[in-house]
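Okay, so here's the structure we're looking at.
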Amino acid sequence: MGHHRYFPHTDADIARMLGRCGVDSLDALYADVDSALRLKKPYDIPGPMSEPALDRYFDSFAAQNKKLTCFAGAGFYHHYTPALIPALMSRSEFLTAYTPYQPEISQGTLQYIFEYQSMMADLTGLDVSNASMYDGATASAEAMVMAVNSVRKKRRVLVSATVAPAVQQVMRTYAEAAGITLEVIPEDNGVTDSTAFTEMLGAGDVAAVMVAQPNYYGIVENIDDWADKCHQHKALLIMNCHASTLGILKSPGEWGADIACGEAQSLGMPLNYGGPYLGYLCCREAFMRKLPGRVVGATTDREGRRSFVLTLQAREQHIRRQKATSNICSNQGIMTLHAAIYMALMGAEGLEKVNRLSAAAAHSLAEKLESTGKMKLKYPGTTWLNEFAMEIIAEGITADRIIEECASHSILAGVKLTDDSILIAATEMCTPEDIDRYVSIINEMKP
């Protein structure tokens, strides 16, 4: 056997593979990985244990986790997950392996994808939804590529500086590989600079413009005539939105957007060290053929029964990479199911209520933090929903100190923007007692 107990390669197999790679040892194969990053000894894994001992062993690890009340957002939010969701998600009707090519054995999967698409189209006010992308950042990058593929001979895309920085970075990576020129529209006092937007659009050769709603700072931007301006220049308007907020804010369709994309984690998906999340992508019917990912259609079988199938997709989406509109092939299927159950369970009224409760908690917290005299709203006079940037005005107090101090009191205070500013979010999960606890920590902080 070779070097690893669970790899079935013989030494001869390994030697053949190394020969093909043109190196003479496994160490040489990994020579370009910094030695400081490489493991120099076997994993520290204890020997066999009885089941009760194993339970105790892992319980001791779990006990080291600190449960924090979450006031951090920046694109991912702590909303309640109704108990019905995990119960329904585990039902066997939905457990179909991998891609549902064969509708005969995949009706459970195909139906929930169809229901998900129908509800996302309603939520965004657009005609069609795919199902789905890995997360909001890759969905945004795919929306950019899709827009360029839909608008002939234009390779420039404008993205607002108020789109989340991590999303911009992923877009930049895709743009470089796809030969797209990505330019940033500067921000002014927490919102997109509309004068710069008009000038950059007017310079010509723009395929699409992306703006976030609400933006990275939680602000709801006024983009009333943006769609008209884009369309006058034969450019598309892409809106990047947190899915839950669409339950209360004007939809991308109502703003006149052509494509909507973003993160759907806010539809009751638990925060879990960065995933799994769910990217959504919706568009007007005119761009449907350029939409990457899966699309499921409803039809009837020979006996007249309602049934579901994958539609509008050539096989090259999945097997001929060079001819595909995108190389997103698999998706976050189980998270699509999660979102579909959440939206069906909450309905329009429930989704609106979640946002009203979140907004009320956030505005209460902002007001109380300002009353400490140690912080003030970074962008006063703007409209925001459940997230806001605070500037620290007390001498000797920094964002790092606030985050550290709050963590020692089991509160996740927010996301650091700069040394003296912090981004804070609240949802329906934040109680008045949690808010008062946060405020009292700030009150007691000394310079």
Side-chain angles (χ1 to χ4, degrees), residues 66-78 136-137 159-173 184-193 196 211-212 214-221 240 242 263 271 273-274 358 361-427 430 434-447:
K66 204 170 185 182
K67 283 201 110 178
L68 305 180
T69 303
C70 185
F71 286 98
F76 307 95
Y77 304 92
H78 184 211
V159 60
S160 168
T162 65
V163 168
V167 172
Q168 290 186 48
Q169 286 176 339
V170 173
M171 289 174 71
R172 210 163 285 127
T173 302
V184 178
I185 309 166
E187 62 181 87
D188 178 29
N189 198 36
V191 297
T192 317
D193 185 328
V211 63
N215 72 20
Y216 182 60
Y217 307 113
I219 298 167
V220 179
E221 299 204 21
N240 184 307
H242 309 314
E263 180 56 64
L271 292 170
Y273 302 98
S358 301
H363 283 78
S364 166
L365 176 58
E367 204 176 294
K368 290 181 175 184
L369 286 173
E370 284 207 308
S371 71
T372 65
K374 295 177 178 177
M375 301 171 99
K376 66 173 186 178
L377 279 171
K378 190 175 173 75
Y379 302 115
T382 55
T383 300
W384 50 275
L385 189 62
N386 70 313
E387 189 162 28
F388 54 97
M390 290 298 272
E391 201 171 324
I392 303 154
I393 52 177
E395 210 173 310
I397 296 178
T398 61
D400 286 333
R401 262 193 73 195
I402 288 173
I403 289 167
E404 207 174 298
E405 187 65 28
C406 285
S408 70
H409 290 83
S410 299
I411 285 177
L412 192 55
V415 174
K416 176 183 173 181
L417 290 174
T418 63
D419 285 343
D420 60 1
S421 62
I422 184 168
L423 189 60
I424 302 168
T427 68
C430 302
D434 294 332
I435 288 167
D436 289 343
R437 220 154 37 93
Y438 191 143
V439 175
S440 70
I441 293 165
I442 302 300
N443 259 325
E444 287 162 26
M445 284 185 78
K446 302 284 185 285

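Heads up: numbering here begins at 1 and tracks the sequence.
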Applying side chain to side chain contact (heavy atoms under 4.5 Å, CB included), run through V167 and V159 and close with a yes or a no.
CA-CA 10 Å; V167 172; V159 60; over 6 Å; no

Quick one: does [X]'s side chain have a donor or acceptor within less than 3.5 Å of a partner on [Y]'s backbone?
X    : Y    : result
K378 : S421 : no
R437 : H409 : yes
Y438 : A413 : yes
N386 : A425 : no
K374 : M445 : yes
T427 : H78  : yes
T173 : Q169 : yes
N215 : G190 : yes
Y379 : L377 : no
E387 : L423 : no

Run the side chain to side chain contact (heavy atoms under 4.5 Å, CB included) test on T398 and I392 for me, step by step, so that the C-alpha distance in whole Å, both residues' side-chain angles and the decisive distance to 0.1 Å come before the verdict.
CA-CA 7 Å; T398 61; I392 303 154; 5.6 Å; no

Mind checking whether [X] and [Y] have side chains closer than 4.5 Å, heavy atoms only?
X    : Y    : value
K368 : D436 : yes
I422 : I402 : yes
L365 : C430 : no
S410 : L68  : yes

Non-hydrogen atoms of [X] and [Y] that approach each other most closely:
X    : Y    : answer
L271 : C70  : CD1-SG, 3.9 Å
H363 : W384 : CE1-O, 3.2 Å
A389 : L417 : CB-CD1, 3.7 Å
V184 : S160 : CG1-C, 4.4 Å

Just how far is it from atom [atom1] of [X] to atom [atom2] of [Y], taken to the nearest 0.5 Å?
X    : Y    : atom1 : atom2 : result
I441 : S408 : CD1   : OG    : 7.0 Å
T69  : D434 : OG1   : CG    : 4.5 Å
M171 : Q168 : CE    : CD    : 7.5 Å
L369 : M390 : CG    : CE    : 5.0 Å
M375 : D420 : CE    : CG    : 10.5 Å
I424 : C406 : CD1   : SG    : 8.5 Å

Any chance you could lay out the side chain to side chain contact (heavy atoms under 4.5 Å, CB included) test for F71 and I435, step after step, and finish with the verdict?
CA-CA 9 Å; F71 286 98; I435 288 167; 4.2 Å; yes

Applying side chain to side chain contact (heavy atoms under 4.5 Å, CB included), run through V415 and F76 and close with a yes or a no.
CA-CA 11 Å; V415 174; F76 307 95; over 6 Å; no

Does atom NZ of K67 have more than 12 heavy-atom neighbours from other groups under 6.0 Å away?
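Check fails, neighbour count at 12 or below.
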
